[in-house]
Chemist: 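Below: one structure in structure tokens.
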Number of protein chains: 2
Amino acid sequence: MTSPPTRRKRATVHDVAVEAGVSRGTVSRVVNGERYVSAEAREAIEAAIEKVGYVPNTAARNLVMQRTQAVGFVVHEPHSLFVDDPNIGNILLGANEALSQADHQLVCLVVDSERDTDRITRYLSGGFVDGVIMVSARQNDPITRVIERLGLPATFVGHPPDLRELPFVGIDNRSASADITGELIGAGRRHIGMIAAALDRDSGSDRLAGFRDALGDRFDERLVVEVPLYSHQDGFAGTSELLRREPDIDGVFAASDAVAAGALEALRAAGRSVPEDVSVVGFDDSAWALRCHPPLTTVHQPAAAVGQRAAEVLLAQLRGETISPVGSFVPTSIVRRGSV
Amino acid sequence: MTSPPTRRKRATVHDVAVEAGVSRGTVSRVVNGERYVSAEAREAIEAAIEKVGYVPNTAARNLVMQRTQAVGFVVHEPHSLFVDDPNIGNILLGANEALSQADHQLVCLVVDSERDTDRITRYLSGGFVDGVIMVSARQNDPITRVIERLGLPATFVGHPPDLRELPFVGIDNRSASADITGELIGAGRRHIGMIAAALDRDSGSDRLAGFRDALGDRFDERLVVEVPLYSHQDGFAGTSELLRREPDIDGVFAASDAVAAGALEALRAAGRSVPEDVSVVGFDDSAWALRCHPPLTTVHQPAAAVGQRAAEVLLAQLRGETISPVGSFVPTSIVRRGSV
DNA sequence: TTGTAAGCGTTATCAT
DNA sequence: ATGATAACGCTTACAA
């Protein structure tokens, strides 16, 4: 004897049709703003809609139209990063903007556990979205596999190495890293270390590669400390380790600004001053960069523009266009502040 | 050899049924793991599913089942805040966790413009979700109106003043603010100002009310500077203004940690030292609190727990339970660091 | 245990 | 300009 939930029954086109004394077809035409409806019919129907409180059921519409006007934005990151990393938020906002223009709904899907992976997989397969923007896919990512299997239109932000021919947009992490390392070299630094993070992702490994490129012969792998995440905490730990290994370093390339912020703290704790004793550069030009003392010289990453471009590429696919080239790069730039 | 062509047509129950030589009903039973199917039928059907690559179309299932197993998480905030405020991310993660347990998909919807409002309104009306978790609704929010009109199950985080009987969860901003202000008083501060933000939201106005409560007779409205957002920038501007109005303040209650971080900078710029000359307290215990120099004494806000509770309350509604009381508070605590 | 058939709320294709 | 009617892909009584 439980009391029934107070869910009022939704009005349908049928109800509206009856109320207005017309057929369902005519109602549908009015709702979708088509031509060929008489003024009087339109009027009666609009009144009826108002009266019965009709709202179209999109699930039904989707079923027959075979599209949803929604696209998934899949964030596959550990908690801490989604919360910490302003880039993701900006990519999301840029994508939302472009999709919004095209009258598509962005739905953001957070993958946070194995369990989530399964559910999202079902969600994507279930016809809830017309396509997906995939942020920071892992190598051998089950979600990527599903996308391929379904032939679901998708654009990736970044390009995991095992991605076949799926379109992606990103920045050129490798050459940008070489450039920013050049700042260190240009400042006369000779013992340059790197705190390399997230090597399981293309961004992480490309940044390391760029660092290596810039150093050439002088590259010394003992000066590279690998840490798992682009986090403040890992930056601190990694830099402490670096100082232990090689106390006389005079330059540090941190794989992200958050990492650089941690590096700065570790250096301060070790009694080094920046930029007098050691120069530090980061990557991202996130809020961290300005918050640091001294503010960071870093790579400006136009996150919103990346999101926007990703959305545009996806929309093009939805229109049935073939994307070529599959990869599209948004240009970065160096911003010089006080840390070198 | 490989099948490169683009969008393959999706297999349906019908295709599986034909392939397996059974009826659609039986296929449906297997897919939904019901009893009463013979081992041989099950086997044939499973093989057929694999062969034709069948994935259920959830839109169709939703239509007939009248539910989606998805809930909307609506974030109604300006860009900057969604990106800056770690609380929202944690609320989202807490909610996702609870929903995930209950096998529901969280769909995050970002409202960022008038245009977005319209689209989200349609999305919510469209039967894409069974319910919604609404974060930081505005007073007289069009989305709130739609939720009420639809009778869509919803839980609010915080409670805008014009919310009727809809369930909400939150923290007791007012008494927590009184408590944290007490820290300033307890430290012997006599000229205490407040940087009050976001007064159009319950959190903002309640924090101001708590400040007033704690001060009682000594409350002086000239010491309150109102700023629009919980942002670092507004904290800086507001505090500069406060110093202009009343140069001899010795205590500041900033409406959030981000605001407090800005306050700290403004004080430093004005040559005041913290906590020697003036004590500062914040609210949220976000990442900002630890990042500041000195670290902030602040109110710890269990954001993830709030998200989790919000999800639980929503799930209860989905089960048809009646929520009472409508409001549910998650306890906060004070964390003392160096800024007092 | 399995098949049949009636919807679920729309849109789309016909005649009219 | 409008009204039947057939899909869309699925679940679910009810029959068999």
Side-chain angles (χ1 to χ4, degrees), chain A residues 7-46 48-49 52-70 122-123 125-130 150, chain B residues 7-46 48-49 52-70 122-123 125-130 150:
Chain A
R7 192 74 159 283
R8 81 200 68 168
K9 211 185 63 201
R10 293 173 57 134
T12 71
V13 285
H14 179 255
D15 301 325
V16 175
V18 170
E19 178 69 31
V22 298
S23 77
R24 304 202 303 262
T26 310
V27 173
S28 181
R29 277 171 215 121
V30 168
V31 169
N32 296 298
E34 281 173 37
R35 287 167 311 188
Y36 303 129
V37 300
S38 68
E40 49 188 336
R42 159 161 289 121
E43 214 163 294
I45 290 170
E46 273 162 358
I49 286 177
V52 304
Y54 169 75
V55 261
N57 179 322
T58 320
R61 173 181 290 165
N62 292 345
L63 184 58
V64 60
M65 306 254 280
Q66 302 290 61
R67 60 171 174 64
T68 65
Q69 298 283 93
R122 263 153 43 213
Y123 188 87
S125 318
F128 278 96
V129 295
D130 294 338
L150 256 40
Chain B
R7 194 78 162 279
R8 80 204 71 174
K9 215 185 66 203
R10 291 172 59 134
T12 71
V13 226
H14 176 77
D15 301 325
V16 176
V18 170
E19 178 70 30
V22 297
S23 78
R24 305 204 297 264
T26 311
V27 172
S28 180
R29 277 170 213 122
V30 167
V31 169
N32 297 297
E34 280 174 37
R35 289 165 310 189
Y36 304 127
V37 301
S38 67
E40 50 189 336
R42 158 161 290 124
E43 216 161 294
I45 290 170
E46 274 162 357
I49 286 177
V52 303
Y54 169 76
V55 261
N57 178 321
T58 321
R61 174 181 287 165
N62 292 345
L63 184 59
V64 57
M65 307 257 276
Q66 303 289 61
R67 62 173 172 66
T68 64
Q69 298 285 92
R122 262 151 46 211
Y123 189 87
S125 317
F128 278 97
V129 295
D130 294 337
L150 256 39

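Given the structure is predicted, the values throughout are model-derived calculations rather than measurements. Below, chain A is the first sequence line, B the second, and so on; all start at residue 1.
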Chemist: Quick one: does Asp130(A)'s side chain have a donor or acceptor within less than 3.5 Å of a partner on Gln69(A)'s backbone?
Modeler: yes
Chemist: Dump the intermediate steps for side-chain contact (heavy atoms from CB on, under 4.5 Å) on Arg61(B) and Val31(B), then the final yes or no.
Modeler: CA-CA 12 Å; Arg61(B) 174 181 287 165; Val31(B) 169; 3.9 Å; yes
Chemist: Rounded at 0.5 Å granularity, tell me how far CD1 in Ile49(B) sits from CD in Glu46(B).
Modeler: 6.5 Å
Chemist: Tell me the interatomic distance from Ile45(B), atom CD1, to dT11(D), atom P, rounded to whole angstroms.
Modeler: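 After rounding, the reported distance stands at 12 Å.
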Chemist: With the criterion being N/O to N/O and under 3.5 Å, what pairs connect the protein with nucleotides 3-5 of chain C, and how long is each?
Modeler:
unit_1 : atom_1 : unit_2   : atom_2 : d
dG3(C) : OP2    : Ser23(B) : N      : 2.9
dG3(C) : OP2    : Ser23(B) : OG     : 3.1
dG3(C) : OP2    : Thr26(B) : OG1    : 2.7
dG3(C) : N7     : Arg29(B) : NH2    : 3.4
dG3(C) : O6     : Arg29(B) : NH2    : 2.6

Chemist: Between dA6(D) atom P and His14(B) atom NE2, what is the distance in whole Å?
Modeler: 18 Å
Chemist: Roughly how many Å is it from CZ in Arg10(B) to C1' in dC8(D), rounded to a whole number?
Modeler: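 After rounding, the gap between these two atoms is 12 Å.
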Chemist: Measuring only between side-chain heavy atoms, which start at C-beta, is Arg29(B) closer than 4.5 Å to Thr26(B)?
Modeler: yes
Chemist: Identify which nucleotide among dT2(C), dC10(D), dT10(C) has an atom closest to any side-chain atom of Tyr54(A), counting heavy atoms from C-beta outward.
Modeler: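 The answer is dT10(C), which lies nearest to the side chain.
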Chemist: Is there a side-chain polar atom (N or O) of Ser38(B) under 4.0 Å from OP1 or OP2 of dT2(C)?
Modeler: yes
Chemist: Expressed in angstrom and rounded to an integer, what is the separation of Asp15(B) atom CG from dG9(D) atom P?
Modeler: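 From Asp15(B) CG to dG9(D) P: 9 Å.
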Chemist: side-chain contact (heavy atoms from CB on, under 4.5 Å) with Val22(A): which of Val37(A), Val16(A), Val30(A), Val27(A)?
Modeler: Val27(A)
Chemist: Would you kindly give the CZ-to-C1' distance between Phe128(A) and dG9(D), to the nearest whole Å?
Modeler: 14 Å
Chemist: Please name the pair of heavy atoms, one in Ala48(B) and one in Glu19(B), separated by the smallest distance, quoted to 0.1 Å.
Modeler: CB-CG, 3.5 Å
Chemist: Measure from CE on Met65(B) to C1' on dT11(D) and round the result to the nearest Å.
Modeler: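 Met65(B) atom CE is separated from dT11(D) atom C1' by 7 Å.
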Chemist: NA contact type, Asn62(A), heavy-atom cut-off 4.0 Å: base, sugar-phosphate, or nothing?
Modeler: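 No contact.
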Chemist: Send over the distance from Glu34(A) CD to dT2(D) P, rounded to a whole Å.
Modeler: 12 Å
Chemist: Note the angle between the end axes of the helix from dT1(C)-dA16(D) to dT16(C)-dA1(D), five pairs defining each, rounded to 10 degrees.
Modeler: 40°
Chemist: Output a table of donor-acceptor pairs, distance under 3.5 Å, between side-chain atoms of residues 52-59 of chain B and any protein atom two or more places apart or on a different chain; print 'none' if there are none.
Modeler:
unit_1   : atom_1 : unit_2    : atom_2 : d
Asn57(B) : OD1    : Ala59(B)  : N      : 2.7
Asn57(B) : OD1    : Ala60(B)  : N      : 3.0
Thr58(B) : OG1    : Gly126(A) : O      : 3.2

Chemist: Compare every heavy atom of Arg42(B) with every heavy atom of Glu34(B), then report the nearest pair and how far apart it is.
Modeler: O-NH2, 3.5 Å
Chemist: Taking the side chain of Leu63(A) as heavy atoms from C-beta outward, which of dC10(D), dT11(D), dG9(C) is closest to it?
Modeler: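 Closest of the options to the side chain of Leu63(A): dG9(C).
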Chemist: Categorize Val16(A) for me: base, sugar-phosphate, or nothing, with a 4.0 angstrom heavy-atom threshold over every strand shown.
Modeler: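 Here Val16(A) touches no strand at all.
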Chemist: Which heavy atom of Phe128(A) sits nearest a heavy atom of Thr68(A), and at what distance?
Modeler: O-OG1, 3.3 Å
Chemist: Within the pair Tyr36(B) and dT12(D), is there a side-chain N or O less than 4.0 Å away from OP1 or OP2?
Modeler: no
Chemist: Assign Ala41(B) to base, sugar-phosphate, or nothing according to its heavy-atom contacts below 4.0 angstrom with the strands shown.
Modeler: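 Here Ala41(B) touches the backbone only, sparing every base.
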Chemist: Using a cut-off of strictly less than 4.0 Å, decide whether Asn57(B) has a side-chain nitrogen or oxygen near OP1 or OP2 of dC8(D).
Modeler: no
Chemist: Would you tell me if any nitrogen or oxygen in the side chain of Gln66(A) comes within less than 4.0 Å of OP1 or OP2 on dT10(C)?
Modeler: no
Chemist: Between Val13(A) and Arg24(A), what is the shortest heavy-atom contact and its length?
Modeler: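 That would be CG2-CD, 4.1 Å.
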Chemist: CZ of Arg67(A) versus C1' of dT10(C): gap in Å, rounded?
Modeler: 12 Å
